[in-house]
J.: 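Got a structure here, written out as structure tokens. Questions coming.
Just so you know, residue 1 is the first one in the sequence shown, and it goes up from there.
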Amino acid sequence: MRLLTLVGIGGVGKSRLARQVCGELERSGTDVRVVELAGAAGPEAALALLTEALPTPPAEGVAPHVVLAENLEAVLPLAPALGELLAEHPRLTVLATSRAAGRLTDEHLHRVRPLDVTDGAAARELFLWHARRVAYQGSLDAHEHTVTAICRQLEGHPLALVIAARQLAALPAEALLARLREGWSLTMQGPVDLSDRHRSMGRVLDDSVTALSPATRQLLSRLSVFEDRFTYAAAVDVLDEESADETLWEGVSELVAHELLHPATGGGTGIGFRMPGVVREYARRLLKDGAGAQIADALRGAHARHFGGRVLDGHDEHGTAAEDWARRVEEELPDVRAALRFLIDSADHRALDLAAALRGHWLGRGRLHEGIGLLDEVLALPATGEGTARLRAREAHAVLTGAASSYAHALTALQECADGWQEAGETTARARTLVDLAAAEFEAHGFDRAEPLYQEAIAVLDEAGDRWWAARARSLLGASAAATETHRALAKTALDEAVRGFRELGESTWTHVPYQQLGRMLYEEGHDVQAVALLSEGLGLAQRNGDDWNASVFLNLLADVRLSRGEAGRAGGHHLDSLRLVEGIGARPRYVWCLEGLAACLDDLGETPYAARLVGLSRAVRSRLTLDGWVEFPARAIDLSSIQWSLSRPVFERLCAEGAKLTVGDILAEVPPLLATKRAPSPRRERRRRHPDGLTGREAEVLRLIASGATSRAIASELFISIETVGRHISNLYRKIGVSSRAEATAHAIRSGLLEE
């Protein structure tokens, strides 16, 4: 290579890398000369400095020379002369650092990028190395989550991490993170012995942006409207640059050459780019200072129109089209969020349509509370009449509320939505709402109140030819019937019909729901082998489709079956695999199921203290996400009572407090050895195989608590379920054991040995 240029944004570590390479070369006997070009008075002076550093053209047989040219961007305005200089020295190699590519014939580029923040280890190490110099008295180890968030906020940029670490002399870690999120990283000052051009990220970017043409500087500021990866076609649409397409492409190419824009792979079709976060912050200041608030708002409006349109396009599709839509929304999520935020802040009623269309995304990805919060804001916008858009938004809010806590909490809102569709004469829309209303009635008042609503909805949907919603209605009807003891035949029929309906539509994602319910029914009826086979088939299907959400559900259900069979180690492995998946997709409510399931497995393996810590972390997650009354899967029961009863109350609470400080990353690292070393179930934990009288695990828990004197409200608090659900469980268990009072139930629990377990 005649010219190898280490190119990257200022402060990324080009010089450090180049000098380490040169040190290796010198130790191997290569002659290396270093020339610093940053202080030159102009391109001509920089070229003269470089020329002086070059050796006389060597004779044949003389060892080649290497010149390290620091800050080659100082010479780039005279790039042709630089090319001629290289041609005059055929045995010379130039290793250069530069903030921009020279685009010479003989130039090879090595792009130096920030530290990887996927696992964040290297970025955290660099940050902590400098942070401990100014905050050595405090314990930074207790702020691992915050430190990781700081590194991700700064996208692993080395100089930015060094500068941010110095701020801990005056700010606690949490305050520093909040300040960075507000966009303060450009003005923060680093150590005083840094060069002037590296004293702050704002100064670093001043040098890079000054080298751009005026038109490209303007383009940089306008492209800052994008939050993450964007396609060239999106830039044309949002910037309205179709008439100047060639000029736009030249500007984008210049920004890429100066490392202010990076080519970005993924994200479907189209040429993609991404602006680094610190560059975006700088560019937005340029836009505000240069174009003014009016033009900035116009750009944000065009951005909202573009990404809002992409969400609305296909949000009601099913089958493979729905999977494509979900993938697209996830890939463009930062910009979709920004689009919705702009519409809300502008009191634009298009926010109603966009928020309602995102219902499927928030449900599918487990971002329930994000959706509820944004829908709260959308529905607080000044009303201009209910309209269908507001009805859809209200219905989305009710459904998310039901999924996040209890459908009983959404019952009134869903009934009002159904009445609204009735008044509007929208019979099919009303039937769709009845499906969710039936699920809420089941949660609040039981199957007898829910079944007529399901059947009415199915009749209307069948007549309207709305096959997907008809299949979904049958799926939920079957799931509700499966939770009863007297409607098992109806449950199997409805679930089988739902599977057929979804398959005929080419739908794979929603086929999982009937599979999960049928598998659970087989397990509850004592057909463990068939249950494992069906759930394993569903797991394989979800994995082949890349559906981490449903793969996680199947893993947890398989774990429940294996735990009941005494296979606590394998069950724990399933819960752990599920936790890895939900950590990857950010489905935080699912943490609860995984953590509580893992706790039950570790308790069976004799690791009760660590199981108590997992209970503490689960409690903390419930508290942070306001999931105190939430049960994710219908009739799912994980018995955690023995963990508390095996330990004294003070010890249990102390371990829970310790667990609340753990992270999911800690669990993924610490639990595998516990599962690997303890495979045989403890004899005292044989209790989970089957409960007497056909009681489900949850009903047995309720009966034990009744026998211990707990009120219905106390039971609801202990088991994190609604008081309405407690009432339904009590009715069911009274019927199964043939009693009619708490005294009789207590006597039955004592005779059955439930209090001894």
J.: Does a salt bridge link Arg367 with Glu330, judged by any charged N lying under 4.0 Å from a carboxylate O?
T.: yes

J.: Evaluate side chain to side chain contact (heavy atoms under 4.5 Å, CB included) for Gln543 paired with Phe554, printing each intermediate quantity in order.
T.: CA-CA 10 Å; Gln543 290 172 330; Phe554 281 115; over 6 Å; no

J.: Does any donor atom in the side chain of Asp496 or Thr493 lie under 3.5 Å from an acceptor atom in the other side chain?
T.: no

J.: Rounded at 0.5 Å granularity, tell me how far NE2 in His369 sits from CG in Leu374.
T.: 13.0 Å

J.: Check whether Arg570 reaches the backbone of Arg562 with its side chain - one donor and one acceptor, N or O, closer than 3.5 Å.
T.: no

J.: Under a 3.5 Å distance rule, please check whether His315 uses its side chain to pair with a backbone N or O of Leu312 as donor and acceptor.
T.: yes

J.: If you define the side chain from C-beta out and look only at heavy atoms, does anything of Leu535 sit under 4.5 Å from Leu555?
T.: no

J.: CD1/Ile372 to OG1/Thr401 distance, rounded to the nearest 0.5 angstrom?
T.: 4.0 Å

J.: Which heavy atom in Ala473 sits nearest to a heavy atom in Ile458, and how many Å separate them?
T.: CB-CG1, 3.6 Å

J.: Just wondering, do Glu332 and Asp228 contact through their side chains at under 4.5 Å, heavy atoms?
T.: no

J.: To the nearest 0.5 Å, what is the distance between CD on Gln517 and CG on Leu557?
T.: 8.5 Å

J.: Considering only heavy atoms from C-beta outward, does the side chain of Val561 approach that of Arg565 to under 4.5 Å?
T.: yes

J.: Side chains of Arg432 and Leu461: closer than 4.5 Å at any heavy-atom pair?
T.: yes

J.: Determine whether Glu416 and Thr412 satisfy the following criterion, side chain to side chain contact (heavy atoms under 4.5 Å, CB included), listing intermediate values before the conclusion.
T.: CA-CA 6 Å; Glu416 290 173 353; Thr412 301; 3.7 Å; yes

J.: Where is the tightest heavy-atom contact between Tyr523 and Asp560, given as atom of each residue plus distance?
T.: OH-O, 3.9 Å

J.: Using 0.5 Å steps for rounding, measure from the CD1 atom of Ile730 to the CD1 atom of Ile715.
T.: 5.0 Å

J.: Just by distance, do the side chain of Ser480 and the backbone of Leu476 share a donor-acceptor pair under 3.5 Å?
T.: yes

J.: Say you draw a straight line from OH of Tyr591 to CG of Leu579; how long is it, rounded to the nearest 0.5 Å?
T.: 7.0 Å

J.: For a quick test of reading the model, state the closest non-hydrogen atom pair linking Ala491 to Ala481 and the distance between them.
T.: CB-CB, 3.6 Å

J.: Arg328 side chain to Arg310 main-chain N or O, any donor-acceptor pair under 3.5 Å?
T.: yes

J.: Contact between Leu539 and His512 at the side-chain level, heavy atoms closer than 4.5 Å - yes or no?
T.: no

J.: Taking all atoms of both residues into account, what is the closest heavy-atom pair of Ala322 and Glu317, and its distance?
T.: CB-O, 3.3 Å

J.: Is any side-chain heavy atom of Tyr610 closer than 4.5 Å to one of Leu662?
T.: yes

J.: Give the ring-plane orientation class for Phe447 versus Phe442, where under 30° counts as parallel, over 60° as perpendicular and anything between as tilted.
T.: perpendicular

J.: Judged by atom type as modelled, is there a donor-acceptor pair below 3.5 Å linking the side chain of Trp325 to the main-chain atoms of Val311?
T.: yes

J.: Indicate whether any N or O donor in one side chain lies under 3.5 Å from an N or O acceptor in the other, for Gln516 and Asn550.
T.: yes

J.: Applying the salt bridge (charged side-chain N to carboxylate O under 4.0 Å, His left out) criterion to Glu497, which one of Arg467, Arg474, Arg472 satisfies it?
T.: Arg474

J.: Do Val553 and Arg590 come within less than 4.5 Å of each other through their side chains, counting heavy atoms only?
T.: yes

J.: Can you name the nearest heavy-atom pair linking Val513 to Ser475, along with the distance?
T.: CG1-OG, 3.3 Å

J.: Kindly indicate, with the supporting measurements, whether the criterion salt bridge (Lys or Arg N to Asp or Glu O under 4.0 Å) is fulfilled by Arg430 and Glu456.
T.: CA-CA 10 Å; Arg430 178 177 179 274; Glu456 180 185 351; 2.8 Å; yes

J.: Taking it one step at a time, do Leu522 and Leu534 satisfy side chain to side chain contact (heavy atoms under 4.5 Å, CB included)?
T.: CA-CA 9 Å; Leu522 287 169; Leu534 184 61; 4.1 Å; yes

J.: Check whether any side-chain N or O of Asp666 sits under 3.5 Å from a backbone N or O of Thr663 as a donor-acceptor pair, and report yes or no.
T.: yes

J.: Between Ser618 and Leu614 (side chain of the first, backbone of the second, donor and acceptor by atom type, cut-off under 3.5 Å), is there such a pair?
T.: no

J.: Please round to the nearest 0.5 Å and tell me the distance separating atom OG of Ser731 and atom NE2 of His445.
T.: 11.5 Å

J.: Inspect the surroundings of CD in Glu463 and state if more than 12 heavy atoms from other residues, nucleotides or ligands are less than 6.0 Å away.
T.: no

J.: Between the side chains of Asn556 and Ser578, is a donor N or O closer than 3.5 angstrom to an acceptor N or O?
T.: yes

J.: Is any side-chain heavy atom of His318 closer than 4.5 Å to one of Phe502?
T.: no

J.: Does Asp577 pair with Arg580 as a salt bridge, N-O distance under 4.0 Å?
T.: yes

J.: Hey, mind stepping through His487 and Asp448 against side chain to side chain contact (heavy atoms under 4.5 Å, CB included) and telling me if it holds?
T.: CA-CA 10 Å; His487 298 90; Asp448 291 341; 4.2 Å; yes

J.: Can you tell whether the side chains of Asp436 and Arg359 come within less than 4.0 Å, N to carboxylate O?
T.: yes

J.: Do the side chains of Glu227 and Arg337 get close enough for a salt bridge, i.e. N-O under 4.0 angstrom?
T.: no

J.: Could you tell me which non-hydrogen atom of Ala599 sits nearest to which non-hydrogen atom of Ala611, and how far apart they are?
T.: O-CB, 3.3 Å

